[in-house]
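One structure is given below, encoded as structure tokens.
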Amino acid sequence: MEDTNSLIEQRRQNLAGLNARGVNPFMNAFSPDAQCGTVRTELARWAEWNKSVEPKGEPVGLAEGTRVRLAGRITAHRDMGKSQFLDLRDVSGRIQLWIQPKVLGEEAAEIFKLLDLADFIGIEGTLFITRMGEPSVKVESFTPLGKSLRPPPGKWHGLEDTEIRYRQRYLDLIANEPVKEVFLKRSQILKEIRSFFHLRGYVEVETPMMQAIPGGAAAQPFKTFHNALGCEFYMRIALELYLKRLLVGGVDKVFEIGRNFRNEGLSRRHNPEFTMLEAYEAYGDYATMMETVESLIRHLALSVVGTLKIEHRNADGDIFKTIDLSHWRRARYKDLVREKAGDDWFQVSPEERRRRAVEDLKLSGDIAAGYEDFEVTAAVFEKLVEPTLIQPTFVTHLPKQLVPLAKISAEDPTTVEVFECCINGQEIAPGYTEQNDPIAQREALEHQAGGEQQKLDEDFLVALEHGMPPAGGIGIGIDRLCMMLLGQESIRDVILFPQLKPKA
RNA sequence: GCCUCGGUAGCUCAAUGGUAGAGCAGUUGACUCUUAAUCAAUUGGUUCUAGGUUCAAGUCCUAGCCGGGGCACCA
């Protein structure tokens with residue numbers, strides 16, 4: 001970027017002015033002893049205590065007169081001439097600074113004039129409450145810490161240009177407080193997921209992202225090349241096959257949180273790289289994992305969002321959707337399809353089903369000529385059922401053709417022991433009773449590979465032949481989970497740096 | 001890949017085909033408690049790019065670039 005304008009030029013001149021006075025505006029370090037937002041809250045608590053009627057009891061918070069050292073970015077400047085007010089902001093929030101250039105001395109006053117909005121400074125001073133009741137710091141000294149050479153986005157309207165928000169997320173984080181909240185909460189979600197599984201005795205592992213054969217899902221992979229080994233690798237599309245090797249190896253409860261890469265279209269719900277959680281529990285089955293998913297998501301909602309009723313708001317701030325995580329429905333695939341497609345859906349002929357799907361249900365664009373009967377029903381489920389599953393629903397008893405790698409249900413051999421946990425109209429988490437029969441697994445993988453032998457992960461099949469315990473497994477798309485929990489409608493709003501086309 | 005909407009000052013937005021403008025920010029000045037500070041003055045533009053139509057294009061046409069939404073792809 002070589003764009004220059006007068007705003008940048010002015011800042012460069014202020015930088016030159018600081019240098020000319022022997023001031024280094026890019027310090028190596030500074031040691032604050034408190035955080036802006038925390039100090040503001042604690043001082044306000046003390047003020048509340050101080051004005052309460054007798055008996056007051058023990059003082060709380062931070063008292064007026066307390067000395068603090070703070071560091072942050074200048075986000076507002078209110079110039080009263082002999083009295084100046086700044087807002088200083090760090091990750092915890094903001095606090096007002098009161099600066100009297102005259103009190104600082106002539107030299108410091110000159111340096112103060114060379115500060116710009118968005119500069120980082122460190123200050124030392126004492127706490128006090130203004131006449132207007134604003135918790136503030138009376139600044140005794142300040143140090144420039146990091147100069148900003150470009151103007152920040154507007155403080156009032158924030159930053160709304162989606163392209164800049166995504167390409168220069170740091171500006172989005174500076175200008176839009178709610179955006180920062182979302183990403184701080186995403187961090188908490190990840191932390192709580194880890195502690196949830198650790199408490200249940202799971203082991204967290206990291207498995208290869210570069211794989212010779214990308215297995216565990218059916219998606220287009222990215223390809224790369226390793227120079228020293230002289231061979232191609234694929235970026236992983238799923239975590240599954242390595243985690244199952246670890247079940248073979250005796251790690252009975254194992255999970256991984258990591259990035260998957262899929263070379264497919266982008267949308268509000270798809271980013272080429274996305275974060276997946278997979279967890280496997282030996283001697284468990286899909287029912288075990290349903291309990292795990294429900295407990296995990298309840299825990300995340302309560303610990304991070306503070307409620308089981310998740311509100312999604314539109315641009316005007318009105319609630320347009322509330323997801324109630326206190327009730328989890330369990331429903332059979334066929335029953336859900338019947339609700340939308342008619343009670344006799346599975347009694348009529350395949351030809352009649354196809355006719356109804358195309359003509360009555362208006363799915364002509366979603367049903368290709370070569371679709372088999374189960375795919376026609378699958379289209380009904382995908383287009384008409386799944387988007388309506390806003391409230392948490394475990395869909396069970398899926399037809400076996402739909403999920404070829406899962407274990408057949410003992411109670412109904414036309415179905416498999418699989419669930420799809422749908423919330424917010426999306427599949428959030430599939431769960432399986434995992435296949436541990438190496439012969440059945442080989443047949444299924446060979447069928448899936450469609451005769452292309454090089455797509456068969458022989459190493460994985462050998463691992464299964466050494467014996468894998470029965471196990472339940474789940475995968476949870478973390479980005480979509482965050483969308484649901486944090487009330488975001490686009491995956492780009494829960495991924496810090498979503499994939500965009502490079503600017504030419 | 002297809003359909004559709006959009007791109008104007010640092011930010012948020014205006015501008016019947018007829019001199020590109022406002023608010024905020026910035027700059028200068030005033031003010032010893034302001035907080036979207038206030039008041040006065042003021043700077044700032046390759047209207048995404050390249051062509052075209054026209055006496056005249058931010059505006060109309062063509063192509064392209066980037067972004068949003070939708071579709072397709074996607075266990």
Side-chain angles (χ1 to χ4, degrees), chain A residues 3-11 13-14 40 75-88 94-103 113 116-118 128-136 138 148-168 171-172 174-176 215-221 237-238 240 260 262-272 274 365-366 368 374-375 378 381-383 386 398-406 416 418 420 427 430-432 444 448 475 477 489-490 492-493 498-504:
Chain A
D3 54 332
T4 54
N5 59 40
S6 60
L7 298 176
I8 293 176
E9 189 48 39
Q10 281 162 18
R11 284 165 182 263
Q13 280 171 16
N14 287 342
R40 185 173 189 274
T75 57
H77 180 204
R78 295 175 289 279
D79 182 353
M80 296 287 300
K82 295 192 178 71
S83 225
Q84 310 227 358
F85 295 91
L86 303 183
D87 283 348
L88 193 69
R94 70 166 184 97
I95 191 162
Q96 175 170 271
L97 307 180
W98 183 38
I99 291 186
Q100 296 166 284
K102 206 172 156 186
V103 172
K113 275 195 220 162
D116 288 297
L117 219 52
F128 81 110
I129 307 274
T130 66
R131 273 179 224 155
M132 301 300 290
E134 177 71 26
S136 306
K138 188 176 185 175
S148 165
L149 294 177
R150 287 173 184 266
K155 64 178 175 187
W156 182 235
H157 292 283
L159 181 65
E160 306 210 343
D161 184 316
T162 46
E163 190 171 352
I164 299 177
R165 287 187 48 225
Y166 296 149
R167 284 192 198 280
Q168 296 175 272
L171 295 179
D172 194 24
I174 291 169
N176 300 323
Q220 288 302 310
I237 56 174
E240 182 162 336
N260 283 345
R262 295 189 182 177
N263 205 342
E264 281 153 8
L266 291 71
S267 80
R268 232 156 38 105
R269 294 171 227 70
H270 299 85
N271 197 60
F274 62 99
D366 302 302
F374 77 92
E375 291 176 299
F381 180 82
E382 200 176 303
K383 297 295 170 184
E386 195 176 298
L398 277 70
K400 62 179 180 184
Q401 303 96 319
L402 206 57
V403 199
L405 302 188
V416 284
V418 162
E420 283 190 7
E427 185 192 309
Y432 283 46
Q448 195 184 45
E489 307 312 311
S490 171
R492 298 184 186 95
D493 292 324
Q499 201 58 248
L500 296 181
K501 201 164 177 173
K503 273 210 138 167

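What's counted below: heavy atoms across the whole structure, side chains too, no hydrogens, waters or symmetry copies. Residue numbers begin at 1 in each chain, while the letters A, B, ... track the order of the sequences.
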_Students often get this wrong, so: under 4.0 angstrom with heavy atoms, is A:L7 touching a base, only sugar-phosphate, or nothing?_
base
For this session: Look at the side chain of A:T130 against the base of B:rU34 and say whether a donor-acceptor pair falls under 3.5 Å; ignore hydrogens and angles.
Result: yes
Mate of B:rU38 across any strand shown (Watson-Crick or G-U wobble, both atom pairs under 3.5 Å) is B:rA30
Check: Is a donor-acceptor pair below 3.5 Å formed from side chain A:E134 to base B:rU35, judging by atom type as modelled?
Finding: yes
Whole-Å distance, A:I8 CD1 to B:rA9 C1', equals 13 Å
Distance between the P atoms of B:rC3 and B:rG64, in whole angstroms? 10 Å
Separation of the C1' atoms in B:rG26 and B:rG10, to the nearest angstrom: 9 Å
For B:rA20 versus B:rC71, give the span between their P atoms, rounded off to a whole number of Å.
-> 43 Å
Below 3.5 Å, does any donor atom in the side chain of A:H157 face an acceptor in the base of B:rC11, or the other way round? no
Checking all strands, does A:R11 fall into the base, sugar-phosphate, or nothing category for heavy-atom contacts under 4.0 angstrom? nothing
Of all heavy-atom pairs linking A:V416 and A:P399, the shortest is CG2-O, 4.3 Å
task = Tell me what A:G475 touches on the nucleic acid: a base, only sugar-phosphate, or nothing, going by heavy atoms under 4.0 Å.
result = nothing
Hey, does the side chain of A:R492 come within less than 4.0 Å of B:rG68's phosphate (OP1/OP2), counting only N and O? yes
- Query: With sugar-phosphate meaning primed atoms plus P, OP1 and OP2, does A:D79 contact a base, only sugar-phosphate, or nothing at under 4.0 Å between heavy atoms?
  - Reply: base
Per atom distances to the A:E163 side chain, the nearest of B:rG67, B:rG26, B:rC73 is B:rG67
If pairing means Watson-Crick or G-U wobble with both distances under 3.5 Å, then the partner of B:rG45 is none
If you measure from the P atom in B:rG70 to the same atom in B:rU35, how many Å do you get, rounded? 42 Å
Using atom P of each nucleotide, how far apart are B:rA9 and B:rA14 to the nearest Å? 12 Å
